[in-house]
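These notes are about the structure you will find just below.
Worth saying up front: this structure is predicted, and the values here are computed from it rather than measured. Heavy-atom basis, side chains included; hydrogens, waters and symmetry copies ignored.
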Amino acid sequence: MAETTSPMIERTVPRLLMCAPTFFEVSYVINPWMTDHVHDTTSERARRQWDALRDTVSRHADVALQPPAEGLPDMSFTANAGLVFGNAFVPSRFRYAERQGEEAHDRDWFARHGFDIVDLPEGMFFEGAGDALFDRGVARRLWMGHGHRSDAEAAPELARLLDIEVLPVKLSDPRFYHLDTCFCPLANGYLLYFPGAFDPPALALIETHVPPGLRIPVRERDALDFACNAVNLGRVVILNRASGALRERLEAAGFMVVEVALDEFIKSGGAAKCLTLRLDEIPGA
């Protein structure tokens, strides 16, 4: 779909950013999923799966496209570019050198499209909407994961910069290195999450702020299939794979589950949510 030259934050149709996997491959190891898959991806299969995800998302949202850059194979994971809140864009500062080359491309895209660039303090690691997820209930709240990629110190800085409540939760399982691999806020305050990815204080914080009837915990098998790495657009939940039991639980809560095979990207540690970034996060909405 055609891009516009402004963020259009008052749109009623969701708007997401994606980046074609032209240069996608596993060429280094910076998370456990990559370990056995260096040079083990197929560009044609990756493109077919990405096209299927883009087509599926496009049925429920507008899709803007960021140009891929040679030598930056993980740019397809646009969720890690940064965090959007209203007209503000907080760029990521990647922990690993292998991804730091993406930062200039991301800043340029958002600056050219009319966003205000809001920087965290120097020397602070933060990996964008991979580790920062807005609550989809009535609360004006941001959940922020830390422990593997993002620094815990980013939480109070985000609260200050964006004037929003930020709840930091520590990730304890290296397989779930970003918050969006194990935690997905859903419409109407529901939460899809894998409890085994969090330390006890983080679990207590989740249980304090999300009522039992709105919590949808997943089993390890679903978590390893990246069921929590989902794109939620209204009542639609787009994900790689869900067990029958999880599908039933989501449908009982009023959601429609759409599966899109993304196993080629899971080799690099990402799936549906990692491959998209919401561009219309509106304060107070």
Measure from the side-chain N and O atoms of [X] to the backbone N and O of [Y], and report whether any donor-acceptor pair falls under 3.5 Å.
X: R107; Y: P91; result: no
X: D222; Y: A242; result: no
X: W50; Y: C19; result: yes
X: S76; Y: F24; result: no
X: R93; Y: P121; result: yes
X: D106; Y: F110; result: no
X: N87; Y: G114; result: yes
X: R54; Y: Q49; result: no
X: N240; Y: F226; result: no

Using a 4.5 Å cut-off on heavy atoms from C-beta on, say whether the side chain of [Y] contacts that of [X].
X: T181; Y: H148; result: no
X: V90; Y: F85; result: no
X: T276; Y: L17; result: no
X: L186; Y: R136; result: no
X: L233; Y: I238; result: yes
X: V236; Y: F255; result: no
X: H60; Y: P14; result: no
X: Y193; Y: V210; result: no

According to a hydrophobic-cluster definition based on side-chain heavy atoms being under 4.5 Å apart (Ile, Leu, Val, Met, Phe, Trp, Tyr only), do [X] and [Y] belong together?
X: L191; Y: F134; answer: no
X: M75; Y: L277; answer: no
X: V237; Y: M18; answer: no
X: Y177; Y: V218; answer: yes
X: V26; Y: V29; answer: yes

Quick test of your reading of the model: are [X] and [Y] salt-bridged, counting only N-O distances below 4.0 Å?
X: D108; Y: R112; value: yes
X: K267; Y: D263; value: no
X: D225; Y: R219; value: no
X: E25; Y: R45; value: no
X: D199; Y: K170; value: no

Item checked: Test ring pair (Phe, Tyr, Trp, His ring centres under 6.0 Å) applied to F94 - qualifying residues, sequence neighbours left out -> none

How would you list, by chain and number, every residue that makes a side-chain contact (heavy atoms from CB on, under 4.5 Å) with [X], sequence neighbours excluded?
X: P168; value: H146, A155
X: D173; value: R175, F176
X: Y28; value: I30, M34, P73, D74, E98, R99

Next item on the list: Only pairs at least two apart or in different chains count here, so list each side chain to side chain donor-acceptor pair (under 3.5 Å) that has a residue in residues 122-133.
Entry: E127-R149, E127-H178, D131-S150

Next item on the list: Can you tell me which residue pairs pass the side chain to side chain donor-acceptor pair (under 3.5 Å) test with a partner in residues 151-162, sequence neighbours excluded?
Entry: R95-D151, E157-R160

Spatial distance of atom [atom1] ([X]) from atom [atom2] ([Y]) [nearest 0.5 Å]:
X: N232; Y: K273; atom1: CG; atom2: NZ; result: 11.5 Å
X: D51; Y: D55; atom1: CG; atom2: CG; result: 6.0 Å
X: L203; Y: R215; atom1: CG; atom2: CZ; result: 9.5 Å

Next item on the list: Could you walk me through whether V13 and D280 pass the side-chain contact (heavy atoms from CB on, under 4.5 Å) test, one step at a time?
Entry: CA-CA 9 Å; V13 177; D280 59 339; over 6 Å; no

Margin query: Hydrogens and angles aside, do S92 and N80 bring a side-chain donor and acceptor to less than 3.5 Å of each other?
Written below: no

Next item on the list: In sequence, state the C-alpha distance, the side-chain angles, and the governing distance for H113 and W109, and then conclude on ring-ring contact (aromatic ring centres under 6.0 Å, His included).
Entry: CA-CA 6 Å; H113 287 79; W109 192 93; 3.8 Å; yes

Which atoms form the tightest heavy-atom contact between [X] and [Y], and what is the distance?
X: F198; Y: C182; result: CZ-SG, 3.8 Å
X: A272; Y: L262; result: N-CD1, 3.3 Å
X: I266; Y: A271; result: CG1-CB, 4.2 Å
X: L16; Y: V231; result: CD2-CG1, 4.0 Å
X: C274; Y: G269; result: SG-O, 4.2 Å
X: G101; Y: L72; result: O-CD1, 3.6 Å

Next item on the list: Determine, step by step, whether I216 and L246 satisfy the side-chain contact (heavy atoms from CB on, under 4.5 Å) criterion, reporting the C-alpha distance in whole Å, the side-chain angles of both residues, the deciding distance to 0.1 Å, and the verdict.
Entry: CA-CA 8 Å; I216 305 176; L246 177 57; 4.0 Å; yes

Item checked: side-chain contact (heavy atoms from CB on, under 4.5 Å) assessment of L158 paired with M144 -> CA-CA 9 Å; L158 289 170; M144 202 207 88; 3.8 Å; yes

Check: So which of L83, L279, I117 actually passes side chain to side chain contact (heavy atoms under 4.5 Å, CB included) with F89?
Finding: I117

Next item on the list: Decide yes or no on salt bridge (Lys or Arg N to Asp or Glu O under 4.0 Å) for E259 and R247, but give the supporting numbers first.
Entry: CA-CA 10 Å; E259 293 186 357; R247 178 182 287 271; 3.3 Å; yes

Next item on the list: Could you walk me through whether T78 and L275 pass side-chain contact (heavy atoms from CB on, under 4.5 Å), step by step?
Entry: CA-CA 5 Å; T78 52; L275 292 164; 5.7 Å; no

Next item on the list: Return the orientation label for the F265 and F77 ring planes: parallel under 30°, perpendicular over 60°, tilted otherwise.
Entry: perpendicular

Checklist line | Residues F194, F183; criterion ring-ring contact (aromatic ring centres under 6.0 Å, His included); working and verdict | finding: CA-CA 7 Å; F194 174 51; F183 185 98; over 10 Å; no

